[in-house]
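The block underneath contains the structure these notes are about, expressed in structure tokens.
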Amino acid sequence: MSSFDLLPLPIKKIIYDLGWQQLTKIQAAAIENIIKTDFNYILCSKTASGKTEAVFLPILSKLERKTKGIKVLYISPLIALINDQFERLDRLCEYLDIKVTKWHGEASISQKKKLIVNPEGLLLITPESLESIFVNKPHLLLKLFSDLEFIVVDEIHNFLNSKRGVQLRSLIFRLQEKIGRKIRFFGLSATLGEYDNVKNFTGDYANTKVLLDKSQKEVDVKFKYFYSNNFDIPIDLITDLYSEISNKKSLVFPNSRAKVEEISIKLKRISSSENGLQNYFAHHSSVSKELRLFAEKYAKENYNKFFSIICTNTLELGIDIGSVDLICQVNSTFSVSSLAQRFGRSGRREDLKSHLLLYATNEWMLLQAIACFELYKESTIEPLEHINYPIDLVLHQTLSILKETNGISKENLVKRLTNNFAFKSIDITDINVLVDYLISKDYIEKVETELILGLKSERFFSKGDFFAVFETEKSFRVYHKEKFIGELQEVTEFMIGENFYLSAQIWKIKEIDFRLKKVLVIPAQEGKEPVFYSSLSNIQELIRKKMLSILFSSNEYDYLDENSLNELQSLRNYFSLFKFQNLETERPVAFIENRCHFYTFTSSKINLTLQLLAAILDIKTNLIEYKSCVIFGNNIKELQNIFKNFINVIENINKFFNEFIEKNPNYLNYLGKWENLLPNELKKKVWLNNYLDIDGTKEFLKNVKIINS
DNA sequence: GACCTGCTGCGGACTG
């Protein structure tokens, strides 16, 4: 019997009516397995392979229709994705007379109210909105969810190694705890490199299986090289880019918001000098929502027109903008997963290839880009691990539980936290330290035998920002007349009368209101790119090791242009001076102008940890992260001996780190949103467990062998 | 060399 035959008649009819010719591989596998078994499943297959239908067709087939109540909870990381999926699912469910409801910050309040009165069907929600139900409507939890049968998490890779993921796992645990049973669980993703962590997402490893379709879209790739000595975009690159995209539908991914603005303006300038179209849009988090939607709509609706959206990873996830001919990547992505997602945006119809054009502006970016692409071709994607030590989320969920229960004994509170599979890695001692600290600081009040939310904590709930566990920077809102254009972060960089780029247009500042954080602007002719805050880079070891192996191989890559080939060759020539025998353990050290350049070819976290070890021993270092190079001062002759001292420090890291923090207390000052509220004792553990890689560095130091040229 | 994500409740004005 084929998978199709397993479906009930009304569902078969839907498939006929939609005019589908056949089920995709993942759909056939999912229908068969979901219908015939009771396991949880993770569905992993390329973009546009119909994962949504793959999971929902069998779910709708199995749905218990006799009782009331919400049956399926679908959770997505993006509002835009919920809105897209709502359209698709509502169309499917209309046939079956099943209600679908959207619940997020921008969804209709009246629809939410209707659902509360009459809970039924499918609910599409964000983790933050789910949190808000626990916090503000705990009395409705049972009414809404006591008949729940399925939970579906879309783009689940987003929730694997993030704070948001810990929050979601905690909420799923609390929901199951509340209704007193486990809910069948499904996760969807196009980019997973490792499956143990995702199988453990709801703590039910043994009953969670992976359905994997490893087939990749055919890709057509070209690398070009335009040198720049400081990461600026060379004008030749822009001219070449213009000639490549002016008669196509394209997405251009530089790696920063400032570069998005720079490239957008320059493309528009070239285009207008040639009387070309002005269909160049900037799309990133600081562009106003209205302008972003305008670009998305333009791309989706103007089927026959060319356009280019220059964007950050705002357009990386599954938002539907229709089909795109070409993806341009300016310098390397920071992960293989990101590259794979971007491939997925081009040639979305089954029969079309993905086209990618990559521009590198220095030899290290070129090497990193080759490494990412080669890993992608081998179907190797970096593993995403759960966060080691999410004690800040324990704090957040403690406040949430106190609000939900309106009073709970300490014993019960600690039990709920320690039972929660999201917090498995945290010792009960630390949870007790945290709860006692919160009581001592009046975040929690003790009333007889019960704990309740302290007055001091009420302020966290006075505005909406409790629900998101991630931080957002405060910025200035930019207006032209009454129209909101976008946001500027470093307003101090600018004075009244100065010009800057934003949302692919040039503006002159007329007025700055520092109290209301508002900037009034008028259009202008010349300007410069805006400045945005940036964060720590985080490259995984896998990519760095691949870069090293490419340097020492003689493989040829036919997608490189002549300049790229020459650059790769000169980098290979330079490193051929080092006589390697074992790429796993040996690392090159070069002495340049009396300084010692140690090429670690390892993860950003290990590089950061090495720098800390040096700082503890009062040794000055410089880290050039994009080269994975730690530079030691001129007094270093015997690096191998220094590493022995490093190992000594790392074996006693707690003691040394404590002493270091006593001398450098600022080190603990600027942590994440909820980490800032922790006692110092736990903040130190956050550093050691989450920001550094102690075990990885220990391994690295024990094995590493220095090779001189 | 970095990027992204989300948001309740309530009062008051206005509409049909």
Side-chain angles (χ1 to χ4, degrees), chain A residues 75-82 103-107 109 112-113 125-138 140 154-155 157-159 161-165 167-168 171 228-233 253-260 283-287 289 292 311-319 329-335 337-339 341-342 359-369 372 396 400 403 458-473 487 489 531-539 543 604 607 623-629 672-673:
Chain A
I75 300 155
S76 146
L78 298 180
I79 289 177
L81 196 56
I82 288 185
W103 188 313
H104 54 64
E106 295 165 12
I109 295 175
K112 294 177 194 169
K113 283 183 179 161
I125 200 165
T126 59
E128 288 72 18
S129 284
L130 187 57
E131 179 82 66
S132 79
I133 297 179
F134 273 90
V135 165
N136 291 319
K137 302 180 172 56
L140 291 177
D154 206 349
E155 307 279 4
H157 55 277
N158 261 279
F159 295 116
N161 65 344
S162 65
K163 295 275 168 75
R164 254 183 127 186
Q167 177 189 26
L168 177 57
L171 292 173
S228 151
N229 62 0
N230 51 9
F231 281 94
D232 280 348
I233 311 281
F253 290 94
N255 289 329
S256 72
R257 289 172 281 184
K259 294 241 175 340
V260 165
H283 196 289
H284 55 73
S285 65
S286 299
V287 171
K289 184 147 193 175
R292 283 159 73 176
C311 56
T312 56
N313 52 2
T314 45
L315 285 183
E316 196 174 285
L317 284 184
I319 304 167
Q329 173 66 44
V330 181
N331 280 326
S332 178
T333 56
F334 297 90
S335 67
S337 156
S338 187
L339 184 66
Q341 292 281 355
R342 290 173 191 187
Y359 291 95
T361 67
N362 68 53
E363 67 275 31
W364 289 92
M365 282 293 105
L366 174 68
L367 182 61
Q368 187 176 316
C372 285
H396 179 263
S400 175
K403 187 92 170 155
E458 289 289 348
R459 70 186 161 93
F460 298 129
F461 297 92
S462 65
K463 279 186 290 176
D465 60 3
F466 176 80
F467 309 108
V469 294
F470 52 84
E471 202 147 19
T472 40
E473 312 100 341
E487 294 180 337
Q489 287 181 335
V531 179
F532 294 106
Y533 300 127
S534 63
S535 50
L536 278 180
S537 55
N538 191 8
I539 304 274
I543 295 177
S604 304
N607 285 340
L623 173 62
I624 306 181
E625 178 56 31
Y626 77 95
K627 298 182 181 180
S628 193
C629 182
K673 187 168 166 181

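Quick note on labels: first sequence line is chain A, next is B, and so on, each numbered from 1. All values below were derived from every heavy atom in this structure, side-chain atoms included, with hydrogens, water molecules and symmetry-related copies excluded.
- Summarising the geometry, the separation between CD1 on A/Ile233 and C1' on B/dA2 is reported as 14 Å, rounded to the nearest angstrom.
- Among B/dC4, B/dG1, B/dA2, the nucleotide with an atom closest to any side-chain atom of A/Gln368 is B/dG1.
- Residues satisfying the side chain to side chain donor-acceptor pair (under 3.5 Å) criterion with A/Ser132, sequence neighbours excluded, are absent altogether.
- Taking A/Ser129 as the reference, A/Thr126 meet the side chain to side chain donor-acceptor pair (under 3.5 Å) condition, with sequence neighbours excluded.
- Shown here are the side chain to side chain donor-acceptor pair (under 3.5 Å) partners of A/Glu458, two or more places apart in sequence or in another chain: there are none.
- Residue A/Phe253 contributes atom CZ, which lies 18 Å from atom P of B/dA2 at whole-angstrom precision.
- Side-chain N/O atoms of A/Thr312 include none lying less than 4.0 angstrom from OP1 or OP2 on B/dC3.
- In this structure, A/Glu363 places its CD atom 14 Å from P of B/dG1, rounding to the nearest Å.
- A/Trp364 places its CH2 atom 14 Å from the C1' atom of B/dG1, with the value rounded to the nearest Å.
- Rounded to an integer number of Å, the gap from A/Leu366 CG to B/dG1 P is 18 Å.
- With sequence neighbours excluded, no residue satisfies ring pair (Phe, Tyr, Trp, His ring centres under 6.0 Å) with A/His157.
- Contact annotation for A/Phe159: no contact, since no heavy-atom pair falls under 4.0 Å across all strands.
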When you check every protein heavy atom under 4.0 Å of nucleotides 5-16 of chain B, what one-letter string (B, S, -) results, 5' to 3'? BBBSS-------

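- For A/Phe470, there are no ring pair (Phe, Tyr, Trp, His ring centres under 6.0 Å) partners at least two apart in sequence or on another chain.
- Look at CG on A/Asn331: it is 15 Å from C1' on B/dC3, rounded to the nearest Å.
- Using modelled atom types and a 3.5 Å distance limit, the side chains of A/Gln341 and A/Glu316 yield no donor-acceptor pair.
- The separation between A/Phe231 atom CZ and B/dA2 atom P is 8 Å, rounded to whole Å.
- A straight line from CG of A/Asn538 to C1' of B/dA2 spans 10 Å, rounded to a whole angstrom.
- Side-chain contact between A/Ser400 and A/Phe466 is present, with heavy atoms from C-beta onward closer than 4.5 Å.
- Residue contacts shown for A/Ser535 include a base, since a base heavy atom lies under 4.0 Å away.
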